[in-house]
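What you see is a predicted model; the values in this text were computed from it and never measured. Residue numbers begin at 1 in each chain, while the letters A, B, ... track the order of the sequences.
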There are 2 protein chains.
Amino acid sequence: MSNTLLAKSAITCENCNLERLCIPKGLKRSDIGDLKLVVNRNNIRQKGEAIYHAGSPFRGIVALRSGSAKLLSFDRNGNEVIVDFILPGELLGFDGVSLQAHNCTAVALETVNFCHLPTQQIAALSANTPGFYQVLLQRSCSQFDAQVEKVMLSRRSAEARVAAFIVQISERLKLRGYSDTEFRLSMSREEIGNHLGIAHETVSRIFHHFQALDIVEVRTKRLKILDKKKLFGFLH
Amino acid sequence: MSNTLLAKSAITCENCNLERLCIPKGLKRSDIGDLKLVVNRNNIRQKGEAIYHAGSPFRGIVALRSGSAKLLSFDRNGNEVIVDFILPGELLGFDGVSLQAHNCTAVALETVNFCHLPTQQIAALSANTPGFYQVLLQRSCSQFDAQVEKVMLSRRSAEARVAAFIVQISERLKLRGYSDTEFRLSMSREEIGNHLGIAHETVSRIFHHFQALDIVEVRTKRLKILDKKKLFGFLH
DNA sequence: CGCGTGGTTGAGAACGGTCAATCTAAGTGG
DNA sequence: CCACTTAGATTGACCGTTCTCAACCACGCG
């Protein structure tokens, strides 16, 4: 029992497999040492549980170590709007920095394990770690690039959106060292459709269509990419 | 002549009317003094000219002092996609921070005058001005909030999008001290439609429709809001 | 004052949404 | 271990919003 705990404690920023993707990327070795001391590690949420809620005060940046989540907001009718999916190794919480209160709710799509960098520590770290704020600024601005991608996506046809969704998930998983051709979609058709701005029936139909064209093989949540070239052709 | 130059030089961060909106917001008086020394002021671009191009190296953050601009990207067919409009007092350039090269092109919609905070100075300033990076981070993260708004907008009907567009421009102008009920749209119907993801004919039709309902009065580029309540009703 | 760009208006077509029925997979309890 | 249950996924039919294409108009510039 205490052995298990020790084993988990042994995972620090220095030896974490997210090192190249998480906050430490861009920091010097010695600075990573500082970081590991203040990161609140090994937080757990079960499927459906929130990591943080919209409106709650901003408490810090979160790094997903395992599992995936959805980042959502609500329109004026109270309907959930899925702003983004978060895959392992990705950071979240930037929606709280601007107003010091979260603009979105983050909900686990399956059991997740995450690290948490508390606000006070961000301030403290940035004082004696010059590169630290730069890394954070860089990360938050990369959201801007993602936003551009999203705007472009919202102009394309339903087919192009689903194709882009598959490609994006594939590439993000590849970055993390997972297979980029065969994976499990942790979100429902409803959630995919919500995120892409199309009806869930349309998602189903297009998956079916892509399968008929031998582009992918879909069995409920399992997805296998058979023909990347054809899939890219649908990005238009 | 030299008087004119002196007069222009006299506009510094300390007495600029953008003080409450620009980078200095959130900085101490003394820090603003540091800022004014490094800001490259009084840059001009004519309508159609670029402030920066996609792909060019990131050289710093830009603050629009007067005039407006469009921030655009290109889809894979080379079509312009207008990511955002920039009104006076707003910052731009964050699309270059993440990769140190601009992801978007910024083009003047009319004659613009802007300040420029060079990259090197950002680094220098952040060293002896602890709050500086925080302000930048906050500003860049507010892009995230805007992104959420944009995603929600892309789900709504063409009518709701046009209504939201009018409301947004109105509120942003109000923030700057301009009239929020009567103003000039510096962008074409084509550009509005492009930005909102609808055909320019649809923009025209909806403007016409809103006018028929006595919500607005439109004469080409001049727009007057007659009934804010009704307009808000269309935001759904 | 004519020309051209940008804006308006109309008609038809298409894409995707909605509603409804059915199917399937993953639990759940006997 | 199997029947039962239920939420999610699929499929079909129909309908509506918005796009596209095309013609026409008007404002501003030379």
Side-chain angles (χ1 to χ4, degrees), chain A residues 46-48 70 75 77 79-82 85 107 109-111 153-166 184-213 216-224 234 236, chain B residues 46-48 70 75 77 79-82 107 109-111 153-166 184-213 216-224 234-236:
Chain A
Q46 298 302 326
K47 176 175 179 174
K70 58 178 173 180
D75 65 18
N77 305 320
N79 300 312
E80 185 172 313
V81 176
I82 299 178
F85 294 115
V107 174
L109 287 172
E110 56 198 323
T111 304
L153 198 63
S154 76
R155 305 299 150 83
R156 304 216 272 283
S157 69
E159 253 178 8
R161 290 186 210 192
V162 173
F165 170 76
I166 298 171
R184 191 179 159 276
L185 297 169
S186 53
M187 65 297 284
S188 70
R189 299 286 189 272
E190 177 68 46
E191 288 165 330
I192 296 172
N194 180 316
H195 176 56
L196 297 178
I198 57 184
H200 69 276
E201 295 96 326
T202 305
V203 177
S204 259
R205 274 186 259 269
I206 292 172
F207 274 177
H208 179 84
H209 184 207
F210 283 174
Q211 187 157 39
L213 293 172
V216 297
E217 195 180 302
V218 195
R219 270 177 54 84
T220 55
K221 292 213 179 305
R222 284 233 80 76
L223 195 145
K224 191 173 181 175
F234 273 95
H236 290 158
Chain B
Q46 299 302 324
K47 177 176 178 173
K70 58 179 174 180
D75 65 18
N77 304 319
N79 300 313
E80 186 173 313
V81 176
I82 298 178
V107 174
L109 286 172
E110 54 198 325
T111 305
L153 199 63
S154 76
R155 303 299 150 82
R156 305 216 270 284
S157 69
E159 253 177 10
R161 290 187 212 191
V162 173
F165 170 75
I166 297 172
R184 190 177 160 278
L185 298 169
S186 53
M187 65 297 283
S188 70
R189 300 284 188 275
E190 177 67 47
E191 286 166 331
I192 296 172
N194 179 316
H195 176 57
L196 297 177
I198 58 184
H200 68 277
E201 295 96 326
T202 305
V203 177
S204 258
R205 274 186 259 268
I206 292 171
F207 274 177
H208 179 83
H209 184 208
F210 283 174
Q211 187 156 39
L213 293 172
V216 296
E217 196 182 301
V218 195
R219 268 178 53 83
T220 54
K221 292 211 178 307
R222 284 232 79 76
L223 195 145
K224 190 172 181 175
F234 273 94
L235 297 181
H236 290 154

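For B:Ser204, there are no side chain to side chain donor-acceptor pair (under 3.5 Å) partners at least two apart in sequence or on another chain. Under the rule for a ring-ring contact (aromatic ring centres under 6.0 Å, His included), B:Phe207 has no partner lying at least two apart in sequence or in another chain. Remark: A:Thr111 engages A:Gln46 in a side chain to side chain donor-acceptor pair (under 3.5 Å) (not counting sequence neighbours). When the ring-ring contact (aromatic ring centres under 6.0 Å, His included) test is applied to A:Phe210, the partners found at least two apart in sequence or on another chain are A:Phe234. Residues forming a side chain to side chain donor-acceptor pair (under 3.5 Å) with A:His209 (at least two apart in sequence, or on another chain): A:Glu159. In terms of the salt bridge (Lys or Arg N to Asp or Glu O under 4.0 Å) criterion, B:Arg222 has no residue partners (sequence neighbours excluded). Remark: B:Gln211 engages no residue in a side chain to side chain donor-acceptor pair (under 3.5 Å) (not counting sequence neighbours). Residues satisfying the salt bridge (Lys or Arg N to Asp or Glu O under 4.0 Å) criterion with B:Glu217, sequence neighbours excluded, are absent altogether.
Nucleotides of DNA chain D that come within less than 4.0 Å of any heavy atom of chain A span, from the 5' end to the 3' end, D:dA9 to D:dA13.
Applying the salt bridge (Lys or Arg N to Asp or Glu O under 4.0 Å) test to pairs two or more places apart or on separate chains, those with a residue in residues 186-203 of chain A are A:Lys70-A:Glu191.
Taking 4.0 Å as the cut-off between side-chain N and carboxylate O, A:Lys221 and A:Glu110 do not count as a salt-bridged pair.
At its two ends the helix from C:dC1-D:dG30 to C:dG30-D:dC1 runs along axes set 40° apart, each axis drawn from five pairs and the angle rounded to 10°.
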Study note, to complete from the structure: Given protein heavy atoms under 4.0 Å, the one-letter contact record of nucleotides 2-16 of chain C, with B base, S sugar-phosphate only and - none, is simply -----SBBBB----S

